[in-house]
Amino acid sequence: MDNQASVPNTGSDQGQNLNQILQQVAEHKGCGTSSEGGKASCGSSTAPEDMDPAVWEKVKNHPCYSEEAHHHYARMHVAVAPACNIQCNYCNRKYDCANESRPGVVSEKLTPEQASRKVLAVASTIPQMTVLGIAGPGDPLANPEKTFKTFDLIFNAAPDIKLCLSTNGLSLPDHVETIKKYNVDHVTITINMVDPEVGQHIYPWIYWNHKRVTGIEAARILHERQMLGLEMLTAAGILCKVNSVMIPGINDKHLVEVNKAVKSRGAFLHNIMPLISAPEHGTVFGLNGQRGPTAQELKALQDSCEGEMNMMRHCRQCRADAVGLLGEDRSSEFSTEKVMEMDIQYDAEGRKAYQEKVEVERQATVLAKQAEMTDLEAEFSDLKVLIAVATKGHGRVNEHFGHAQEFQIYELSTKGSKFVGHRRVDLYCQGGYGEEDTLPTVIRAINDCVAVFVAKIGGCPKDSLKAAGIDPVDKYAHEFIEQSAVKYFKEYLTKVKSGEIVHAERGDADIRQGAYIAA
């Protein structure tokens with residue numbers, strides 16, 4: 001990344017103002033505070049008015065807890081927790097698997113010592129990596145010794161890295177004090193039901209008090225332990241994210257009640273994810289034909305819950321050994337064999353300096369969007385459209401259409417642009433040539449979008465997209481996503497008003513679950 005964040009072309013006055021603000025940010029080395037309004041800020045932007053400054057410090061550079069941060073900061077998971085104490089009908093843990101991208105899958109299991117060395121290696125190589133999570137491949141709290149030994153090693157060796165864990169919640173109440181001891185500020189609980197009648201169709205059994213419990217009794221125990229654990233964490237000031245898997249016909253309508261229940265118990269964020277149920281994954285739901293939701297079904301449920309609490313829409317349902325920005329996986333660069341051969345020089349000050357430059361870049365993306373919003377705010381229209389964006393991260397349109405393994409989806413309206421999800425796809429371009437059999441599946445994944453923003457695109461896919469009613473847009477290559485999106489929407493509104501184009505509702509789109517991460 002360049003030392004100087006690039007400044008968008010927003011007109012001479014606005015551009016000059018942006019330069020001045022960026023210079024102020026740089027002079028403060030990415031961090032400034034202000035007592036105005038009783039709020040403190042650090043980095044790219046001030047905390048939301050309704051957010052405590054202490055909470056903002058925890059989430060501002062956490063890619064899972066902040067949608068804005070996920071464009072700029074990386075995370076990693078270490079696979080030190082193989083055992084699990086419940087069985088979910090959507091889960092099948094796979095070891096030594098390099099192809100599938102979904103929770104519970106890892107290429108290799110690690111000891112705490114191996115995990116600690118890997119974390120230092122990744123943090124030294126990827127200075128914007130700010131978060132270490134333990135999410136499996138089983139349940140971290142069903143493997144407490146390995147989990148907390150790993151946290152102990154990282155807590156002492158790299159105190160600047162945020163610590164997270166993800167759990168099903170069954171053992172959570174027993175470990176809240178230990179979680180506090182190691183300054184684990186972020187805990188994710190997977191909660192798919194608050195009614196055991198629903199839960200019995202999701203969980204065939206749990207392992208509780210040294211015995212296997214099945215049916216509705218298993219779901220009742222799990223529910224009670226999840227609610228108790230959530231209440232204990234929020235009382236302790238630990239941020240809680242709740243993950244819920246949307247399973248059509250089983251808990252899809254019920255998740256509205258889950259949303260209300262977790263909000264009332266202090267959850268910070270709710271992440272409603274689509275079911276992954278491909279038969280080749282070997283899960284119960286995959287083998288019995290249980291379908292996952294469509295894109296419209298998922299968005300409608302997320303929208304219905306959004307008024308109740310913060311919704312996470314940028315989750316990638318990561319592997320238990322994922323490394324890098326959300327949406328990418330660099331774990332193959334850090335196998336145990338490779339890590340053991342690396343000369344690791346952990347430079348905390350260098351990491352801090354690099355992240356300060358990331359904050360300058362992040363500030364530029366925010367200000368660019370704000371500058372573009374000025375004219376749009378005067379518009380009066382209830383029109384909303386979706387666009388897809390091919391990006392490698394950093395908040396820019398910087399990926400070739402044929403190289404994209406996912407597209408980020410934004411909703412555009414007179415309120416601006418809002419990130420609403422992502423769509424995984426198989427690579428269209430492989431070995432320098434387009435895979436014509438793949439192109440229809442890519443189009444179906446973004447079929448609800450009026451346009452796709454790309455850094456570059458070939459003639460054949462461009463023609464196919466146009467034939468499908470999707471506008472291939474490459475004129476914003478390497479520019480900021482949200483600024484470009486607002487600019488595009490202004491032009492779209494103008495064309496609709498003039499009659500140049502007739503706006504029509506788009507059809508539904510496929511959620512490509514379990515798309516492979518390897519070409």
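Residues: numbered from 1 along the sequence shown.
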- Query: With side chains defined as the heavy atoms from C-beta onward, is the minimum distance between S264 and K260 less than 4.5 Å?
  - Reply: no
- Message: Under the criterion side-chain contact (heavy atoms from CB on, under 4.5 Å), I'd like the reasoning laid out for I247 against M193: C-alpha separation, chi angles, the key distance, then a yes or no.
- Response: CA-CA 11 Å; I247 312 165; M193 54 85 199; over 6 Å; no
- Query: Taking R396 for the side chain and H478 for the main chain, is one N or O donor matched with an acceptor at less than 3.5 Å?
  - Reply: yes
- M232: what forms a side chain to side chain contact (heavy atoms under 4.5 Å, CB included) with it, not counting sequence neighbours? P173, V176, L228
- Test item: N183 side-chain N/O and L163 main-chain N/O as donor-acceptor pair under 3.5 Å: no
- pair R330-V122: side-chain heavy atoms closer than 4.5 Å: no
- Item | Residues D471 and Y492: side-chain donor-acceptor under 3.5 angstrom | no
- Give a yes or no on whether the backbone of Q296 and the side-chain of D508 come within a donor-acceptor separation of less than 3.5 Å. yes
- Nearest heavy-atom neighbours spanning N310 and F268: ND2-O, 3.3 Å
- When K299, K418, K263 are each screened for salt bridge (Lys or Arg N to Asp or Glu O under 4.0 Å) with E306, the one that passes is K418
- Note on the structure: By salt bridge (Lys or Arg N to Asp or Glu O under 4.0 Å), K369 pairs with (sequence neighbours left out) E482
- Message: Any side-chain to backbone donor/acceptor pair from R75 onto G133? Under 3.5 Å, distance only.
- Response: no
- Task: Supply the atom-to-atom distance I443 CD1 to T438 OG1, rounded to the nearest 0.5 angstrom.
- Result: 11.0 Å
Could you tabulate the donor-acceptor pairs under 3.5 Å formed by side-chain atoms of residues 455-462, not counting sequence neighbours?
none

- Indicate yes or no: at least one non-hydrogen side-chain atom of P293 is less than 4.5 angstrom from one of D252. no
- Message: Closer than 3.5 angstrom, by distance alone: can the side chain of Q226 be matched with the main-chain N or O of I189 as a donor-acceptor pair?
- Response: no
- For the residue pair M312 and Q302, what are the closest heavy atoms and their distance? O-NE2, 4.3 Å
- L255 side chain near C305 side chain, heavy-atom distance below 4.5 Å: no
- State whether a side-chain donor-acceptor pair under 3.5 Å links N398 with T391. yes
- Centroid-centroid distance, F453 to Y410, less than 6.0 Å: no
- Task: State, yes or no, whether a side-chain contact exists between C240 and R265 at a heavy-atom distance under 4.5 Å.
- Result: no
- Examine the side chains of D347 and Y354 and answer whether a donor and an acceptor come within less than 3.5 Å of each other. no
- Query: Looking at E359 and R362, does any basic side-chain N land under 4.0 Å from a carboxylate oxygen?
  - Reply: yes
- When you look at K352 and D160, which way does the salt bridge (charged side-chain N to carboxylate O under 4.0 Å, His left out) test go after all the steps? CA-CA 9 Å; K352 180 180 178 182; D160 62 313; over 6 Å; no
- Message: For a side-chain contact (heavy atoms from CB on, under 4.5 Å) check, start with the C-alpha distance between I191 and M227, then their side-chain angles and the critical distance, and finish with the verdict.
- Response: CA-CA 9 Å; I191 301 177; M227 296 299 104; 3.8 Å; yes
- Task: Kindly say whether V450 contributes a backbone atom to a donor-acceptor pair with the side chain of R506 at under 3.5 angstrom?
- Result: no
- Message: Any non-hydrogen side-chain atom of H186 less than 4.5 Å from a side-chain atom of L269?
- Response: no
- Message: For V442, is there any backbone N or O sitting under 3.5 Å from a side-chain donor or acceptor partner on R423?
- Response: no
- Could you list all the side chain to side chain donor-acceptor pair (under 3.5 Å) pairs where at least one residue sits in residues 121-134, not counting sequence neighbours? none
- Do L298 and I272 touch side chain to side chain, with heavy atoms closer than 4.5 Å? yes
- Which heavy atom in H503 sits nearest to a heavy atom in V385, and how many Å separate them? CE1-CG1, 3.5 Å
- Output all residues satisfying side chain to side chain donor-acceptor pair (under 3.5 Å) with T365, sequence neighbours left out; order by chain, then residue number. none
- Query: Closest approach of S304 and L301, non-hydrogen atoms and distance?
  - Reply: OG-O, 2.7 Å
- Task: Report the residues that fulfil ring-ring contact (aromatic ring centres under 6.0 Å, His included) with H270, sequence neighbours left out, ordered by chain and then residue number.
- Result: none
- Note on the structure: Scanning both residues in full, the closest heavy-atom pair of I387 with A485 reads CD1-CB, 3.8 Å
- With side chains defined as the heavy atoms from C-beta onward, is the minimum distance between V78 and V119 less than 4.5 Å? yes
- Message: Walk me through whether C449 and I409 qualify under side-chain contact (heavy atoms from CB on, under 4.5 Å).
- Response: CA-CA 8 Å; C449 299; I409 309 299; 3.9 Å; yes
- Non-hydrogen atoms of K495 and S498 that approach each other most closely: O-OG, 3.1 Å
- Task: List the steps and the verdict of side-chain contact (heavy atoms from CB on, under 4.5 Å) for E399 and F407.
- Result: CA-CA 10 Å; E399 182 66 285; F407 291 91; over 6 Å; no
